[in-house]
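Report on the following structure.
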Amino acid sequence: MTVKLWHNPRCSKSRQGLQLLEERGAAVNVVRYLETPPDAAELERVLALLGLEPRQLMRTKEPLYKELSLDDPALSREQLIAAMASHPLLIERPVAISGEKAALGRPPEKVLEVL
């Protein structure tokens, strides 16, 4: 089974997650999500698989989060997901997806949960 990995090669946690999957012999489809970001529908699907709310998948310490006032509690789920689709830098990484399983690699070992 192939594991899709939303990956940022500049992120040490993302690199560690990829290495762990490869060490276990997983076929990994690396998606550089900053270059080819997921659309709102894909984000919605992955959030459901993860069992997370949008802010739980967001990099809240990213300066862009504050610049876009994404900490505003009045923002809807759809608005938060649209912000991630438009600004993939806001998406926490790595995210491993395989079939009907997904895992946020925080810590990196969690990506192994999709195997």
Side-chain angles (χ1 to χ4, degrees):
M1 182 173 287
T2 301
V3 176
K4 181 190 290 188
L5 187 71
W6 292 355
H7 178 63
N8 178 350
R10 295 182 59 204
C11 171
S12 63
K13 303 274 188 249
S14 198
R15 290 192 308 270
Q16 289 170 10
L18 176 59
Q19 182 179 352
L20 286 166
L21 289 167
E22 289 175 336
E23 285 172 355
R24 300 298 190 291
V28 183
N29 172 17
V30 174
V31 176
R32 292 185 178 209
Y33 71 97
L34 294 177
E35 297 163 18
T36 54
D39 62 17
E42 176 73 354
L43 282 163
E44 189 69 70
R45 185 180 91 78
V46 169
L47 283 166
L49 292 175
L50 290 168
L52 297 178
E53 290 302 316
R55 279 194 181 88
Q56 294 174 292
L57 188 59
M58 295 178 97
R59 299 174 53 77
T60 57
K61 292 183 174 61
E62 191 63 49
L64 186 59
Y65 183 83
K66 288 223 184 315
E67 288 169 29
L68 297 175
S69 302
L70 295 172
D71 53 351
D72 180 349
L75 291 174
S76 70
R77 177 182 182 85
E78 292 73 26
Q79 288 170 307
L80 294 170
I81 290 171
M84 285 190 279
S86 298
H87 306 281
L89 186 63
L90 293 168
I91 302 170
E92 193 61 84
R93 68 233 175 197
V95 176
I97 307 149
S98 181
E100 293 304 308
K101 292 185 193 172
L104 175 58
R106 296 287 169 164
E109 294 76 20
K110 291 195 62 95
V111 299
L112 299 176
E113 292 175 4
V114 303
L115 297 179

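All values below come from the heavy atoms of this structure, side chains included, with hydrogens, waters and symmetry mates left out. All residue numbers refer to positions in the sequence shown, counting from 1.
The closest donor-acceptor contact from the side chain of Q56 to the backbone of E53 lies under 3.5 Å. Side-chain N or O atoms of S14 include one that pairs as donor or acceptor with a backbone N or O of N8 at under 3.5 Å.
Proximity of M58 to Y65: side-chain heavy atoms (C-beta onward) are separated by under 4.5 Å at one or more points. Residues E23 and L20 meet the side-chain proximity criterion, which asks for heavy atoms closer than 4.5 Å. For the pair P54 and M84, the minimum side-chain heavy-atom distance is below 4.5 Å. At a threshold of 4.5 Å between non-hydrogen side-chain atoms, the residues E62 and H87 do not count as touching. Between L5 and V95 the shortest side-chain heavy-atom distance does not fall below 4.5 Å. Counting only heavy atoms from C-beta outward, the side chains of T60 and D71 never approach each other to under 4.5 Å. Between V46 and P38, every side-chain heavy-atom pair lies at or beyond the 4.5 Å cut-off. At least one side-chain heavy atom of L112 sits under 4.5 Å from a side-chain heavy atom of L21.
Here the CZ atom belonging to R24 is positioned 10.0 Å from the CD atom belonging to Q19, to the nearest 0.5 angstrom. To the nearest 0.5 Å, atom OG of residue S69 and atom CD of residue E67 are 9.5 Å apart. Considering CD of E42 and CG of L47, their distance stands at 10.0 Å, rounded to 0.5 Å.
Follow the hydrophobic side-chain contacts under 4.5 Å out from L18 and you reach L115 in the same cluster. Note: the hydrophobic cluster containing V28 does not contain V31 (ILVMFWY, side chain heavy atoms under 4.5 Å, direct or indirect links). Hydrophobic cluster membership differs between V30 and L34, with clusters built from Ile, Leu, Val, Met, Phe, Trp and Tyr side chains linked at under 4.5 angstrom.
Across every non-hydrogen atom of L80 and R55, the tightest pair is CD1-NH1, 3.6 Å. The shortest heavy-atom contact between Q79 and A74 is OE1-O, 4.1 Å. A pairwise comparison of heavy atoms in I91 and R59 identifies O-CD, 3.3 Å as the closest pair. Of all heavy-atom pairs spanning G105 and V111, the tightest one is CA-CG1, 3.7 Å. Scanning both residues, W6 and R93, for their nearest heavy atoms gives O-CB, 4.3 Å. L43 and A85 get closest at one heavy-atom pair: CD1-N, 3.6 Å.
Residue-environment remark: CD (E100) stays at or below the threshold of 12 foreign heavy atoms within 6.0 Å.
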ask   = Going through the checks in order, is the side-chain contact (heavy atoms from CB on, under 4.5 Å) test met by I81 and E44?
value = CA-CA 7 Å; I81 290 171; E44 189 69 70; 3.1 Å; yes

message = With side-chain contact (heavy atoms from CB on, under 4.5 Å) as the criterion, how do L49 and I97 come out once you've worked through the C-alpha distance, each side chain's angles and the decisive distance to 0.1 Å?
response = CA-CA 9 Å; L49 292 175; I97 307 149; 4.3 Å; yes

request  = Would you sort out whether L75 and L70 count as a side-chain contact (heavy atoms from CB on, under 4.5 Å), showing the intermediate values?
outcome  = CA-CA 7 Å; L75 291 174; L70 295 172; 3.8 Å; yes

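Across P108, P94, P107, C11, a single residue satisfies side-chain contact (heavy atoms from CB on, under 4.5 Å) together with Q16, and that is P108.
Taking a cutoff of 4.0 Å between a charged side-chain nitrogen and a carboxylate oxygen, K13 and E92 do not qualify as a salt bridge.
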